[in-house]
Student: 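Please find one structure pasted underneath; my questions will follow.
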Amino acid sequence: MVTLGLTVSSAARAPNVVELFAHGPHDGPGTFEIGDPNLKIERANSLEGTVRVNMSDLQLEGSLWGVSFDSYNPRTIDRGHLR
């Protein structure tokens with residue numbers, strides 16, 4: 001018997017107030033944070049396909065998975081400044 005599976009998912013995250021409006025030192029890592037009020041909602045869309053083969057003397061399972069990110073908001077450190 002062969003079974004096919006398909007999973008589609010989507011996740012989103014809005015930037016928090018610090019990521020949007022920070023402008024000052026951050027005591028923990030010792031950096032100076034600068035927010036960006038133009039950040040957009042981050043979204044990840046993923047797709048997974050699965051094949052399962054079950055026979056009397058053989059069992060196989062395989063999957064392929066992929067994801068795409070839209071409006072990913074990376075945070076980088078530039079000379080002690082967190083952007």
Student: Under 4.5 Å between side-chain heavy atoms, hopping through other hydrophobics if needed: is there a path connecting Val67 to Leu64?
Tutor: no
Student: A quick test of your reading: do over 12 heavy atoms of other residues, nucleotides or ligands sit less than 6.0 Å from CD1 of Ile41?
Tutor: no
Student: Please list every donor-acceptor pair under 3.5 Å in which a side-chain atom of residues 47-63 meets a protein atom from a residue at least two apart or in another chain.
Tutor:
| residue | atom | partner | partner atom | Å |
| --- | --- | --- | --- | --- |
| Thr50 | OG1 | Ser63 | OG | 3.2 |
| Asn54 | OD1 | Gln59 | NE2 | 3.2 |

Student: What distance separates Thr7 OG1 from Trp65 CH2, expressed to the nearest 0.5 Å?
Tutor: 12.0 Å
Student: Start with the C-alpha gap between Asp70 and Asn45, add the side-chain angles, then the distance that decides, and say whether side-chain contact (heavy atoms from CB on, under 4.5 Å) holds.
Tutor: CA-CA 8 Å; Asp70 296 321; Asn45 299 307; 3.7 Å; yes
Student: Are the side chains of Val17 and Glu19 in touch, meaning some heavy atoms are under 4.5 Å apart?
Tutor: no
Student: Give a yes-or-no answer on whether the side chains of Arg43 and Ser71 include a donor-acceptor pair shorter than 3.5 Å.
Tutor: no
Student: Excluding sequence neighbours, so at least two apart, what forms side-chain hydrogen bond (donor to acceptor under 3.5 Å, both in side chains) with Ser46?
Tutor: Ser9
Student: How close do Phe21 and Pro37 get, counting heavy atoms only, and between which atoms?
Tutor: CE2-CB, 3.8 Å
